[in-house]
Number of protein chains: 2
Amino acid sequence: MESANTVDRVSEMKVESMEERKKRVLNAIINDYIANAEPVGSRTITKKYALGVSPATVRNEMSDLEEEGYIEQPHTSAGRIPSGKGYRYYVDHLMEKEPLSPQEIHQIRKVVAGSVKEMESFMLSCCNMLSRLTNYATIASIPEQGHGRVENIQLLSLSEHQVLLILVASTGIIRHKLIELPLPVTPAEVAAMERDLLRNLIGCELRSINYDKLRDLLQDYQAQQKLATKTLELLEQALSGDGEQRIFIGGVMHMLSQPEFRDVDKLKNLFSIFEQDKRAQELIDSVSSDDGMLTITIGSEMPQEDVQDCSMIVANYFVNGEKAGSIGVLGPTRMSYGKTVSLMEQLSAELSKAMSDKKKAKYTE
Amino acid sequence: MESANTVDRVSEMKVESMEERKKRVLNAIINDYIANAEPVGSRTITKKYALGVSPATVRNEMSDLEEEGYIEQPHTSAGRIPSGKGYRYYVDHLMEKEPLSPQEIHQIRKVVAGSVKEMESFMLSCCNMLSRLTNYATIASIPEQGHGRVENIQLLSLSEHQVLLILVASTGIIRHKLIELPLPVTPAEVAAMERDLLRNLIGCELRSINYDKLRDLLQDYQAQQKLATKTLELLEQALSGDGEQRIFIGGVMHMLSQPEFRDVDKLKNLFSIFEQDKRAQELIDSVSSDDGMLTITIGSEMPQEDVQDCSMIVANYFVNGEKAGSIGVLGPTRMSYGKTVSLMEQLSAELSKAMSDKKKAKYTE
DNA sequence: TGTTAGCACTCTCCATCACTGAGTGCTAAC
DNA sequence: GTTAGCACTCAGTGATGGAGAGTGCTAACA
């Protein structure tokens, strides 16, 4: 029984314990394919990557690798290309992170140091920077508006039928929303409401604000016929963010240069995602982890059909140890994983640091 | 002398006075080419468009039209396609506006009626709607921030080093900007500044606000070492908008379906504009008139090389008789001018109306 | 037993060629 | 001025036939 167990364990380990030379062949195939986007043959490998064996030997290894599903042959007389399983093995065991150049680190720091203050423009420049460095498309999401706590609320009376609500959240997001009032309200009344809201909502979790809470809070006004139910609804929507998650997309154009997207029809599929914020949102949400730093999703692992020949590397960034948002690179399956991972790790670290610094600054008030 | 004069005038009129049949041939060619994106032959014309003459006759007309530069032949044995000059003549003299369907009018009204309140999301949905209706890309710009007058200013003290500035402009634009203060300021001081700004700037033309004006206004604080020069600069930037013109782009994906952009390289040129707000801005600015309602710019008339095989139809919309912004459709030169012009006229009228209504509502406060 | 050289085989890619069909321009007749 | 007829041009298509890349298999070798 014991011996059987051992055997089982060994067979389980099989994937891990690929022979050294086979690994090197697989590694060579994938690296070459990533670089040149063309099937890789046995001769190419022996010439470019010093394995010290003949093409025939490499062919034998390749035959094995194909049998085990790590590589594929587009047609009989072509070289091999990595399969999904192959990429996965590569990413998990073979890939070497490419060190960043001082210029790249500088570029990241410059953008991150820039202006964490205003989320919107900040994230947009992060996206553009990341796309520039990777040559792939970038998708970033800032935290659901429900995240974080209320730091400040301001009600500004624009006219007797219009109130501007300004919300400052602990996540650094500042939002304004114009509320049309069905019933006229005087500036004094607005100011009083503001006081009530401030007193009761500061420090409140944004997601805990709901219609009932607001009604209780403002019931005096409602009793005086000053607030319509409609107004409360609008207020609640504005405060809770109403699921309004902001998504940022950059570097879409880079995809046009990828040989896998020479075909306009493939582009159409891909771009259908970039044009619908909702789909981009779903994509990055389902592909990013809730806890870890980096996730890599490869080809067929992608949740949406339109991007099944893409891979995505997503990093989270954190404020106060809590996940604050994600930023991810979307490239062809044949993307440069080593380089991109290095970039993303650097960026995510810098991001988290910058945001925490900012928080610290606030706490020292 | 008099007779010479007459002759001159006649020759000047020549373009206008194209013979009826020739016009009909040109019209047929352009309409067919717009519909099918393929060179049009003489047989096609006699079959599809009842001219009551034989293909040979049409061929003669076509030969003339080619000589005069209205149409071109891609190669000897192909039909004819319109030239830039041909499109121009078509747009100026032949094109018939296509009436809109009730559904289309309804869609426009629905979006325009939606929520003129918040410019940003409003313009974005206008763009998307217009792209959906035309199947072309849309570019819109909202007025330079320098337009309009100050309607309200609010300063919100977030911390002793951060002030949030909220600006409500008469154009309906609401903007917030976080200002980092080099020197600490108490909430009371911020409130006092706000009062001073409000008293002096309400009703002020935004573009008339400059550094000197602000310095005069706030010199007391500065004298007390409460405001750094840097702060004044930031304030001035925030108020003047600092050239921050917002541009909106929608429906880019539709261009992928146009046969003229089957070629990925052509797409690259086109998309290089969509990715750089600045270039999109330049494009719509240089192509829209300052006064008239609608402008049509065709192919080689386009100011940027990357869009020389596109046409653009731009409408202005007005608030209080003043140009408030532009919205334009960018399609292939072979675009459906008749339909698009109708849509744009309708949209621009509805837009101006909606915005004026809103103004009226404000003035009746 | 693992490695390698040699060789036949497969299949894509590319150029060539001929054919077809669409469309023209010209001429002569109406 | 219009039209029928005809010769001519040229893009597009499909078939054909190497050339080249790459494989798998076999047999020899270390």
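In what follows, chains are A, B, ... by sequence order, proteins preceding strands, each numbered from 1. Here the structure is a predicted model, which is why all the values come from computation and not from measurement.
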Note down the inter-axis angle between the two ends of the helix from C:dT1-D:dA30 to C:dC30-D:dG1, five pairs each, to the nearest 10°.
-> 20°

Rounded interatomic separation in angstrom, taking CG from A:Asn60 and C1' from D:dA27 = 14 Å

Could you give me the CA-CA distance, side-chain angles and deciding distance for B:Lys85 and B:Glu68, then say whether salt bridge (Lys or Arg N to Asp or Glu O under 4.0 Å) is met?
-> CA-CA 9 Å; B:Lys85 186 175 173 190; B:Glu68 292 160 38; over 6 Å; no

Please list, one pair per line, the donor and acceptor atoms closer than 3.5 Å that link side chains of residues 264-271 of chain B to other protein atoms, with sequence neighbours excluded.
none

Tell me, please, which residues at least two apart from B:Tyr33 pass side chain to side chain donor-acceptor pair (under 3.5 Å).
-> none

DNA chain C-proximal residues of residues 48-57 of chain A, any heavy atom under 4.0 Å = A:Val53, A:Ser54, A:Ala56, A:Thr57

Spacing of B:Ile81 atom CD1 relative to D:dA11 atom P, expressed in whole Å | 14 Å

Salt bridge (Lys or Arg N to Asp or Glu O under 4.0 Å) contacts in which one or both residues fall within residues 27-50 of chain A, not counting sequence neighbours = A:Asp32-A:Lys48

Distance, rounded to the nearest Å, where B:His75 contributes NE2 and D:dT9 contributes C1' = 9 Å

Sequence neighbours excluded, the answer for salt bridge (Lys or Arg N to Asp or Glu O under 4.0 Å) partners of A:Glu72 is none

With sugar-phosphate taken as primed atoms, P, OP1 and OP2 and all else as base, the protein-contact string of nucleotides 17-24 of chain C at under 4.0 Å (heavy atoms; B, S, -) is -----BSB

Would you please name every residue forming a side chain to side chain donor-acceptor pair (under 3.5 Å) with A:Glu66, sequence neighbours left out?
-> A:Arg80

By side chain to side chain donor-acceptor pair (under 3.5 Å), A:Gln107 pairs with (sequence neighbours left out) A:Arg132

Value in whole Å for how far the C1' atom of D:dG24 lies from CD of A:Glu61 | 15 Å

What residues, two or more places apart in sequence or in another chain, satisfy salt bridge (Lys or Arg N to Asp or Glu O under 4.0 Å) together with B:Glu96?
-> none

Pairs involving residues 301-314 of chain A, ordered by first then second residue, that meet salt bridge (Lys or Arg N to Asp or Glu O under 4.0 Å) (sequence neighbours left out) | A:Arg88-A:Glu301, A:Arg279-A:Asp306

Sequence neighbours excluded, the answer for side chain to side chain donor-acceptor pair (under 3.5 Å) partners of A:Ser42 is A:Arg59

